[in-house]
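What's counted below: heavy atoms across the whole structure, side chains too, no hydrogens, waters or symmetry copies.
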Amino acid sequence: MNPRAPHPESRALLAREFERHRSYLRAVAYRMLGSVTEAEDALQEAWLRLDRSPPREGDDLRPWLTTVVGRICLDMLRSRRSRRAGYAGSWLPEPVVGGGSPEDEAVLADAVGLALLVVLETLTPAERLAFVLHDVFALPFDQIAGVVDRSPAATRQLASRARRRVQAARAEPDADLAVQRQVVDAFLAAARAGDFDALLALLAPDVVLRTDGGGRGPLARPPVVGATEVADVLRTRAATFAPLGRAAVVNGGPGVVVGPPGKVVAVVGLTVGGGLIREIDIVGDPAKLRRVVLAEPKAAS
């Protein structure tokens with residue numbers, strides 16, 4: 001018997017406290033992992049650890065749980081990194097689309113765009129943890145150091161390297177959401193019409209197209225860079241997919257969900273900057289689309 005296992009009354013109190021912090025912990029885990037599904041797995045493991053060996057009475061539970069979730073996510077990232085060595089094409093995060101489950105809506109309320117999550121995937125697991133916990137959630141380096149088994153000074157360097165890479169790679173979206181939506185509407189109209197010139201006019205010269213089909217099929221390809229090259233790829237697929245596309249909120253930004261009612265075949269995240277599309281991320285991995293629900297279109301009044 002575990003001498004630190006809580007009594008039933010204490011266990012009920014811990015469960016209530018854990019639920020109180022669940023949304024925050026899910027946000028931490030999603031930014032670390034880029035997957036709501038894996039974030040839920042991390043939270044489940046965190047609860048099991050809390051239940052088996054709770055902190056000492058009087059300890060602040062939130063930083064304790066943040067540290068535990070951080071360690072779990074770090075292990076998951078390291079394991080996933082080794083499994084992904086032979087992955088074909090671009091690996092993209094699991095998208096969070098508006099109109100989904102209450103859990104997804106909670107993540108969406110404080111969302112991180114797909115483009116930023118893609119950049120975070122280029123970091124080492126330790127860099128990602130240090131950056132996310134410090135720059136996003138304001139944890140002190142003294143606390144993060146214990147998670148990554150480094151000194152506070154070395155942990156600060158991890159976050160600094162990560163910050164430089166994020167700032168260098170991230171395309172800043174337009175602040176005006178109305179402008180972003182107008183560009184997305186024009187993008188959909190051009191794709192449905194198969195209008196190559198109109199598509200080209202909406203793309204930044206150095207636009208990047210990333211696709212993720214789960215490492216298989218026609219979507220399993222390396223990134224495509226350049227307005228002409230990206231427009232050409234989109235034109236070849238527009239006739240099939242554009243009529244099924246609908247504007248949506250994807251990770252808090254503009255995007256498109258593709259598929260007939262009841263079936264989702266792709267989710268597209270768009271980064272709009274300077275009135276042009278800077279990045280296009282197409283998630284077609286069925287395993288990452290299981291949580292996405294495509295609602296029936298509203299009838300005209």
Next on the checklist: Contact between Pro55 and Leu50 at the side-chain level, heavy atoms closer than 4.5 Å - yes or no?
Outcome noted: yes
Next on the checklist: Can you confirm whether Arg22 is buried at CZ, in the sense that more than 12 heavy atoms of other residues, nucleotides or ligands lie under 6.0 Å from that atom?
Outcome noted: yes
Checklist entry - Could you go step by step and tell me if Leu158 and Arg128 meet the side chain to side chain contact (heavy atoms under 4.5 Å, CB included) rule? => result CA-CA 8 Å; Leu158 284 174; Arg128 184 169 184 167; over 6 Å; no
Item to check | Distance-only side-chain donor-acceptor flag, Arg49 / Ser53, under 3.5 Å | outcome: no
Checklist entry - Any ion pair linking Arg164 and Glu127 (charged N to carboxylate O, less than 4.0 Å)? => result no
Item to check | Ion pair Glu45/Arg52, N-O distance below 4.0 Å | outcome: yes
Checklist entry - Checking salt bridge (charged side-chain N to carboxylate O under 4.0 Å, His left out) for the pair Glu19/Arg16: CA distance, chi angles, key distance, verdict? => result CA-CA 5 Å; Glu19 287 303 314; Arg16 289 195 297 271; over 6 Å; no
Checklist entry - Does the side chain to side chain contact (heavy atoms under 4.5 Å, CB included) test come out yes or no for Leu116 and Arg31, once each step is laid out? => result CA-CA 9 Å; Leu116 175 56; Arg31 283 157 178 74; over 6 Å; no
Item to check | Side chain proximity check, Glu38 to Glu94, heavy atoms < 4.5 angstrom | outcome: no
Checklist entry - Within 45 degrees of the axis of the six-membered ring of Phe196 and under 6.0 Å from its centre: does Arg235 put its NZ or CZ there? => result yes
Next on the checklist: Does Val183 form a side chain to side chain contact (heavy atoms under 4.5 Å, CB included) with Leu276? I'd like the steps, not just the answer.
Outcome noted: CA-CA 7 Å; Val183 173; Leu276 296 173; over 6 Å; no
Next on the checklist: Is there a side chain to side chain contact (heavy atoms under 4.5 Å, CB included) between Ile282 and Val258? Walk through the geometry before answering.
Outcome noted: CA-CA 10 Å; Ile282 303 176; Val258 180; over 6 Å; no
Checklist entry - Aromatic rings Phe137 and Tyr24: how do their planes relate, parallel, tilted or perpendicular, breaks at 30° and 60°? => result perpendicular
Checklist entry - Of Val292, Val283, Val267, which meets side chain to side chain contact (heavy atoms under 4.5 Å, CB included) against Val250? => result Val267
